[in-house]
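Here's the structure we're looking at; comments come further down.
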There are 2 protein chains.
Amino acid sequence: MAAGRPTIIDVARDAGVSPATAGRVLGGYGTPSPELVRRVQDSARRLGYRANDVARSIVTGSTRVIGVVVSDIENPFFARAVNGISDRARAAGYEMLLVSTRMDLARERSAVEALMAKRVDGMIVASASVSEGGHLRRVREAGVPLVLLDRRNDGAGAVDSVLLDNRAAAQRAVSHLLDLGHRAVAVVTSATPSESRSARRRRSAAEFPSSLRFEGYLDALDEAGVTCDPGWVLRCDDADAACERVRDLLVTRPEVTAVFATTNVMTGGAFRAIMDGDRRCPEDVSLMGFDDHEWSTLVRPQLSVVAQPAYDLGAAAGTVLLGRLAGPGSRSAPSETILQSSLIVRGSVAAPPA
Amino acid sequence: MAAGRPTIIDVARDAGVSPATAGRVLGGYGTPSPELVRRVQDSARRLGYRANDVARSIVTGSTRVIGVVVSDIENPFFARAVNGISDRARAAGYEMLLVSTRMDLARERSAVEALMAKRVDGMIVASASVSEGGHLRRVREAGVPLVLLDRRNDGAGAVDSVLLDNRAAAQRAVSHLLDLGHRAVAVVTSATPSESRSARRRRSAAEFPSSLRFEGYLDALDEAGVTCDPGWVLRCDDADAACERVRDLLVTRPEVTAVFATTNVMTGGAFRAIMDGDRRCPEDVSLMGFDDHEWSTLVRPQLSVVAQPAYDLGAAAGTVLLGRLAGPGSRSAPSETILQSSLIVRGSVAAPPA
DNA sequence: GTGAAAGCGCTAACAG
DNA sequence: CTGTTAGCGCTTTCAC
């Protein structure tokens, strides 16, 4: 007790019991007698004792911490999902080691490595990659339960995942546009540099949400017998790029009467371009966005979107992971949870000009 | 090595060296010979060894983890601040245990307690309270460095803090409205139930950002010789309440020609009310918001705001905390870092109707 | 029900 | 430079 914070030994001495008994009281295990419980608790309070989870973890082999890796906590989708995870985790007595990788795969790798060193009991990761998964495979190999959030990963092997019905959601949204009579529908997707191509080359099942939504867009066009003009497909790195590309499109492609944005970031950029341009929304051009934001109903026209249950996705990932941690069901086959999105139609979508 | 993951002992045995030497190589301390370094690293790789920070922490007394407590990670202000903290922390080799308390003080208390048990090296907290600070004082008493973010706290004692120039920022913003000729300026602030009153009763220095901004509003009115009509002051719990109150105000108080919102949440509500109402913005009524959002420039009119350097606030808090952790400067007096906000004038603010 | 002793995986003295 | 020996603070047998 001299230097640092009081230990269980200090408490035991003060209460006149053995360290073992003090441990039983303070650690809440075993069956100490009521009398000793009181004495030990009194001493603990007096000395200002607080349990040392580090020491506890080393012997129990569990840290009661889960690691969460997302590409950017400032993205409202991830912020909300993290709240979902966090609520589940805390309810089960877990804390959360969070890493926001800023879209940097190298940083993600080192983060995953660091979390393993910290001996998290499990991990939830929304990877910045769908093809590079060596770091995730190593998590599995180390026997640490892993849940993939929002995207699959080729290299991770068979692993639990929680996903959105991306392709179907996009198809529904674009079909809605086509049903209104639109024929030329542009799409704004995230550029997934080379990766999605190489992934496809390997007949990969894993793709980014944005790519899957693009597939859904193609599905809808197919179904309506519309041939996709390559000029309608805008691959952009960020909101600014999206804005610029859509702005161009609006003037160079007068036949386009509707735009579908596949992510919240792209949605912001596309909306900005439309606000800046000469064509009126929805009279001249319709916009269908992805993710429902606070501002969806603050702008005019109000934004039509595919709304994701971001909180539920996070919560589901938490539930799946905690299930692995709790049960000996740890041995069961990987699960895949798919949540449904919903189409919210507001003012930014209308029939094309006559 | 039999059951669990390989330990330093397994590696040592495999490499034919002592555990101490293996530790020196794997832990990066001491001065092992190049020859042994190779042998140990080879063995480590072959066995798939990864350092156990838990064991390391128990002996070094440092976890290289900081605890971060915010009221809601979905609030873009905190998300951005957390990114600032996170960047600083990772650069210094720290991970971040994050708790999003959902505005619940009880949850904050238990979170702080849990983080102490987890033996975080330091903590950054944006408390849900400015008066109740027993849990924060206990952090100090345990000798754990603490930095307050975005708000002071009465009960915490003398402690490092990183704040915005709330009062001056609000005064500038409201003065801008008054300079344009507005006389009746309403203000939308967070309701801080009873707390701010009791805090004031005790002559407290600590107040919520929202309250300080309200003071700044009063300062500006004072300076302009305008008497504040109590009917202009709207205290609201959330965005919906703000929306409703402002909607009412707009019809019942025709003399009000400008509205100042003191938080990002209130800003959203106020803007919505104005969009819903009959009075045009900015011709009939001006709106000055707080915090710059992505949507500030997506709405029409574009929103004038007091912009906070949220990332910098987080980064500064990180820097201060890491300074305490690094130096023996830990003994120096508590610092108070105050960052400046900036006024961004856009279309939502204009002179009052003639 | 309680205590003594061992040990979790690692680092830190201290000898050699 | 390398190995031996102690622990860090706690839980967990195992006797008593």
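Since we're looking at a predicted model, the values are computed, not measured.
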Nucleotide [N], atom [atom2] - distance to [atom1] of [X] in whole Å:
| X | N | atom1 | atom2 | answer |
| --- | --- | --- | --- | --- |
| A:Arg56 | C:dG9 | CZ | C1' | 18 Å |
| A:Asp10 | D:dC8 | CG | P | 11 Å |
| A:Tyr29 | D:dT11 | OH | P | 4 Å |
| B:Ile9 | C:dT11 | CD1 | P | 11 Å |
| B:Arg5 | C:dG9 | CZ | P | 11 Å |
| B:Arg64 | C:dC10 | CZ | C1' | 16 Å |
| B:Ile8 | C:dG7 | CD1 | P | 19 Å |
| B:Asp53 | D:dC8 | CG | C1' | 15 Å |

Short N-O contact, [X] and [Y], less than 4.0 angstrom:
| X | Y | result |
| --- | --- | --- |
| B:Arg46 | B:Asp10 | no |
| A:Arg324 | A:Asp160 | yes |
| B:Asp53 | B:Arg64 | no |

Which nucleotide in [options] has an atom nearest any side-chain atom of [X]:
| X | options | result |
| --- | --- | --- |
| B:Ala20 | D:dT12, C:dC10, C:dA12 | C:dA12 |
| A:Ala55 | D:dC10, D:dC1, C:dA12 | D:dC10 |
| B:Ser18 | C:dA4, D:dG9, D:dT4 | D:dT4 |
| B:Thr60 | C:dA12, C:dG9, C:dG3 | C:dA12 |

| request: Nearest-nucleotide wise, let me know which of B:Ile58 and B:Gly16 is further upstream toward the 5' end of DNA chain D. | output: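 Nearest-nucleotide comparison on DNA chain D picks B:Gly16.
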
| query | Toward the 5' end of DNA chain D, which comes first, B:Thr31 or B:Pro19, by nearest nucleotide? | reply |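 Counting from the 5' end, the first nearest nucleotide belongs to B:Thr31.
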
| query | Is B:Arg24 side chain donor-acceptor paired with the D:dG3 base, going by distance under 3.5 Å alone? | reply |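 Check passes, donor-acceptor contact within cut-off.
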
| said: Tell me whether the side-chain N or O atoms of B:Arg119 pair up with the base of D:dG9 as donor and acceptor below 3.5 Å, since no angle test is needed here. | reply: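 Result: no qualifying N/O pair found.
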
| message | With salt bridge (Lys or Arg N to Asp or Glu O under 4.0 Å) as the criterion, how do B:Asp14 and B:Arg39 come out once you've worked through the C-alpha distance, each side chain's angles and the decisive distance to 0.1 Å? | response | CA-CA 9 Å; B:Asp14 185 271; B:Arg39 252 169 53 207; over 6 Å; no

| When we call it a touch if two heavy atoms are under 4.0 Å apart, what does A:Leu26 touch: a base, just sugar-phosphate, or nothing? |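 No contact at all - A:Leu26 keeps every heavy atom at 4.0 Å or more from the nucleic acid.
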
| query | So what does B:Val54 hit on the nucleic acid, given a heavy-atom distance under 4.0 Å: a base, only sugar-phosphate, or nothing? | reply |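 Touches nothing.
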
| request: Might you point out which heavy atoms bring A:Ile8 and A:Tyr49 nearest each other, and give the distance in Å? | output: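 Heavy atoms only, the tightest pair is N-CE1, 3.6 Å.
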
